[in-house]
Structures are given as C-alpha cells and as structure tokens.
2 protein chains.
Amino acid sequence: MSGTTATAGQRADMVRNRRLLLEAATAAFAEHGVDVPIGEIAQRAGLAKGTVFRHFASKEDLLAAIMLQMLDRLIDSADRLLGADDSATALREFMSDGVEVLAADRAFCEVIGRPSLQHAEVRDRIAQLCDAAEALTSRARERGAVRGDITGTDVVLLLGGIHQTAAPLLPVQPQAWRRYLALALDGLVATDAGPLPEPPPARLEIAEPTTPS
Amino acid sequence: MSGTTATAGQRADMVRNRRLLLEAATAAFAEHGVDVPIGEIAQRAGLAKGTVFRHFASKEDLLAAIMLQMLDRLIDSADRLLGADDSATALREFMSDGVEVLAADRAFCEVIGRPSLQHAEVRDRIAQLCDAAEALTSRARERGAVRGDITGTDVVLLLGGIHQTAAPLLPVQPQAWRRYLALALDGLVATDAGPLPEPPPARLEIAEPTTPS
DNA sequence: AGCTAACCTGACCGCCCGGTCACGTTGGTG
DNA sequence: CACCAACGTGACCGGGCGGTCAGGTTAGCT
C-alpha cells in the first residue's frame, strides 16, 4: 500500500541511516513543530547535517515524507474500521484516534491547518483521507447515527478543530480533548436541529494559486 | 476602561507615529501572523525600523499591546451582551463575534492557541475574558438554553476550535465557520446527552514553568 | 587484501531576522 | 528666532537558519 521504502541496491548503512533519520525527524517534528532546525534532527539521529540533505532534497521534502506516513496511518485506520460491526462506534473511534494523533504531533497540526505548507502529494493524501472518512460517515448516516448533512470532510476538519479547542489546556489537562470530542459528537447526532449552512467541498482540495506580488 | 493611551506631555508627531505604528502592526499581524518581520510593519507605517523600538522595547511588547487591544474589544462585547434580553442569542452572538475576529487575524489565533507565546498581561486578560464568558454562559444555563456542565472557559476555548475547524477552507469558503459554529451550538444544547468528561479549569490560567533543559 | 564508487562529514556560504546606536532632524518653548 | 531635548533614521551587529561541497571514510565486490 504505502510504497515509500524502495530499498533497491542501496548500501546497508544508508538504509539504516535513513531509518534513523526518519525516526529522529518524526520525533523532532512532533515535539517542536515544523520550525525545528535540521541540525537538531541530525543530532537526534546521530548524523551530520549534510547527511540529511543526501537523503532528502530539502526540508520540505523530509517534512512531506513524514506527513505522508502519518496520513497513511490514519487512512489505514479508517479502512480497517469500515469493517467494524457498529458503524457509530467505528466513526467515534476514528475521530478519537485522529484527535489523539494530532495532540501528540505539533507539526501535523500545523501542516493540516495551513494549506500553504502542503506539498502536492500531501494534499492528495488528505483528499484520500476525506474519502475514507466519507465512507465511514456514510455508513453511520444510513443507520441514523449522525445527522444527514454531515460529510466526511466535516469529520476530517473537526479533527483539527477538536484538538485546537483543547490545545491551550494541553500542559494542564492532556486528556481535555475527550471533553470536546464528546461535545462535537453530541452536535453530530442532533437530528432534531435545523440543517447546517455552508456545506464543505467533498474532497478538501485546496489550491493556492495566489502567488503574492 | 482600557487605559493604554497615556498621551501625557508627548510630542505631537510621536503620538501620531504611535497610532500609525499600531494600525500598521495590527494589519500586518492579522495578515501574516506573529512571524511578520518588524521591517514590514515599519514600512507599512511609513517609518524606519528603529522607530518601532523607540515605541516598544521588543517585538513581543508590540504584539502584546495589540493582543490586549483585541481581547479588550471581545471583553467589552461580552459585557455589552450581558444586558441583552435573550440570553441564548446573546451567547450565540458573542461566539459569532469571537470566531469572526479569529478568522480575520492570524496572529490572534496563534497567540490564543499557544500559551508559550503569551505575555503575563495577555494571560490575565484571557482570564478576564473567561469570566465575562462565564457570566454570559451562566445566564443561558439558568434559562436552560445550554446544557448544565458548560463553562465560560469551554465557550472561550470553543472559539479557537471552531475557527480552526473552518481554517483550511478559508481561501475557498470564508464563511465556513458559520457551519461549525452551528454544529457546536447544537452540541451545547444537547441536554439529553450524558455529562461531559474532563471539566476545564475555571479561569484558564496556564503557567509554563517548564524551562527546557 | 585491494580497489572504487558511493556515502558521510562539518566547515562554509548567503540570507534574514531582532535589536542597537551615533547622528541628523524637528517640535515646542522662551 | 534661537535653542535644545526629544525623536526619527538606517547602517550595522550578532545569531541562527537552510543548503552546499571538497575531502575523508567505508561498504561491498573481486
């Protein structure tokens, strides 16, 4: 499925270093956000700064590789939950997983929330995530577990929103996101309420053609 | 009320430049976030970079002055709505105003969402905003317009969360926040749902004594 | 073991940023 | 009008960043 490995005729230490580098970068980005210096990533991996650029052409490419990794994990999670018995708890579990991932990774929050930071490939993967979420949501919708006008894109967007709601409390109450996830779910099932305005696009494809003057 | 003016024995051009500077900084921070260079703020005001530091000791101080200005406006708005007839629509209007302000100001979002960026004075003002929101929420709660376990801090936190939910759509659908505000409000009134976990602290005072090693 | 191509390294470059300061300019007062 | 203190200015500084490259090192094949 996720074919980012491609270990063809590479030297042994190179594949080892690449693995170390990805692990170090994942941790560093999660902890400090996208602004973490390349030097610190290299240091965490026990390598020199130049080695980073031998594996990834730019910092953006390294970030994109890791974001794709995170997104693939979420997509896999959604696909797996699609086979669950109870579609309502499946959707709930998907959202719970998603918010938890966001809470543990600063760079992921920053990239998801700001389209201007996204590689083209990352945008594609986000669209795939919307599709997977739509499949889950659709099943829950048919069962009447969520109101009729909620889309998969809504669900994906809510992941970021729920985390952001709890984010200022993160140093004090790391689990506060559970409160706002519960609140959002209560809103999602409010079938008696009126229809929601401003339905979002189906696949969350956001172009940014506005190159500033 | 808000006593940040203090025009005592100042030269005429200085007060004029200070006003220009605050206007330019407000616009620049709103558009580009906290990372906007001081030089661009000075340029927008038609002044030199050094002049900025004659009025504010550091970039942080300038940012704090503007954030206090925004927070005061929201607090005033909440106090005014406290005298409205319908406490339910008053709360709704407060949240609508708040999210709209966030949608129009990148720096405000960044500061609200990340306690580590906040001046002590800004933290105090945020606590005051929580108090004002609690007063509004309390009135709505007594009337049964919102569920019992929603606090003013919840309402303030939701402002940031609702905006973040809609933020990725901002270039495409600038009004998308209305959808997620409606969704959140439906969750807030869901009186039949179970109690929410993890109640937040009353005043959102977040210390960050953890100076990293 | 010997050899080579692929790989790792860290000093180095250019850039941009926040902040400073000696100097020129100007508003207000007598 | 003359004077000066307060203010505006922009060249300058130190630091940190992403990214490069010539040269040392090593893995893997023969």
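The analysis underlying the following values was restricted to heavy atoms, covering all of them including side chains, and did not include hydrogens, waters or symmetry mates. In the text below, chain A, chain B and the rest are named by the order of the sequence lines, each starting its count at 1. What you are looking at is a predicted structure, and each value in this text was computed from that prediction instead of being measured.
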Could you walk me through whether L204(A) and L157(A) pass side-chain contact (heavy atoms from CB on, under 4.5 Å), step by step?
CA-CA 9 Å; L204(A) 197 54; L157(A) 288 173; 4.2 Å; yes

Starting at [atom1] of [X] and ending at [atom2] of [N], how long is that distance when rounded to a whole Å?
{"X": "D61(A)", "N": "dG18(D)", "atom1": "CG", "atom2": "P", "value": "14 Å"}
{"X": "H32(A)", "N": "dC17(D)", "atom1": "NE2", "atom2": "C1'", "value": "16 Å"}
{"X": "E40(A)", "N": "dG16(D)", "atom1": "CD", "atom2": "C1'", "value": "13 Å"}
{"X": "H55(B)", "N": "dC7(D)", "atom1": "NE2", "atom2": "P", "value": "8 Å"}
{"X": "R16(A)", "N": "dC7(C)", "atom1": "CZ", "atom2": "P", "value": "14 Å"}
{"X": "Q43(A)", "N": "dC8(C)", "atom1": "CD", "atom2": "P", "value": "18 Å"}
{"X": "L62(A)", "N": "dG19(D)", "atom1": "CG", "atom2": "P", "value": "10 Å"}
{"X": "L47(A)", "N": "dT26(D)", "atom1": "CG", "atom2": "C1'", "value": "14 Å"}

Pair listing, salt bridge (charged side-chain N to carboxylate O under 4.0 Å, His left out) test, anchored in residues 32-55 of chain B, at least two apart
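Qualifying pairs: E31(B)-R44(B), E40(B)-R44(B).
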
State which residues pass side-chain hydrogen bond (donor to acceptor under 3.5 Å, both in side chains) with [X]; sequence neighbours excluded, sorted by chain then number.
{"X": "D186(B)", "value": "R147(A)"}
{"X": "T151(B)", "value": "D154(B)"}
{"X": "R141(B)", "value": "E134(B)"}

Within the supplied structure, the quantity of interest is the number of heavy atoms (other residues, nucleotides, ligands) at a distance under 6.0 Å from Q69(B) CD; does it exceed 12?
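Correct, the count exceeds 12.
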
Could you go through residues 167-176 of chain B and list every donor-acceptor pair under 3.5 Å that involves a side-chain atom there, pairing it with any protein atom two or more places apart or in another chain?
residue, atom, partner, partner atom, Å
Q173(B), NE2, E198(A), OE1, 3.0
Q173(B), NE2, P199(A), O, 3.2
Q175(B), OE1, R178(B), NE, 2.7
Q175(B), OE1, R178(B), NH2, 3.3

Restricting to pairs with a member in residues 19-29 of chain B, which pass side-chain hydrogen bond (donor to acceptor under 3.5 Å, both in side chains), not counting sequence neighbours?
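Matches after skipping sequence neighbours: R19(B)-E23(B).
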
Donor-acceptor contacts, no H, no angles, side chain residues 89-108 of chain A, under 3.5 Å, sequence neighbours left out:
residue, atom, partner, partner atom, Å
T89(A), OG1, D86(A), O, 3.2
D105(A), OD1, A107(A), N, 3.1
D105(A), OD1, F108(A), N, 2.9

Report yes if a side-chain nitrogen or oxygen of N17(A) is closer than 4.0 Å to either non-bridging phosphate oxygen (OP1 or OP2) of dC7(C); otherwise report no.
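Checking N17(A) against dC7(C): no side-chain N or O falls below 4.0 Å of OP1 or OP2.
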
Partner set under salt bridge (charged side-chain N to carboxylate O under 4.0 Å, His left out) for D79(A), not counting sequence neighbours
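D79(A) satisfies salt bridge (charged side-chain N to carboxylate O under 4.0 Å, His left out) with no residue once adjacent residues are dropped.
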
Between protein and nucleotides 28-30 of chain C, what N or O pairs are separated by less than 3.5 Å?
residue, atom, partner, partner atom, Å
dG28(C), OP1, A12(B), N, 3.1

Let me test you: for the helix from dA1(C)-dT30(D) to dG30(C)-dC1(D), what is the angle between the axes at its two ends (five pairs each), rounded to 10 degrees?
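Its terminal axes enclose an angle near 0°.
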
Could you pull out every donor-acceptor pair under 3.5 Å between side chains of residues 58-65 of chain B and any protein atom, sequence neighbours left out?
residue, atom, partner, partner atom, Å
S58(B), OG, E60(B), N, 3.4
S58(B), OG, D61(B), N, 3.2
K59(B), NZ, V34(B), O, 3.0
K59(B), NZ, V36(B), O, 2.9
D61(B), OD1, H119(B), NE2, 3.2

In the 5'-to-3' direction, what one-character label does each nucleotide of nucleotides 16-22 of chain C receive under the scheme B = base within less than 4.0 Å of a protein heavy atom, S = sugar-phosphate only, - = no such atom?
-SBBB--

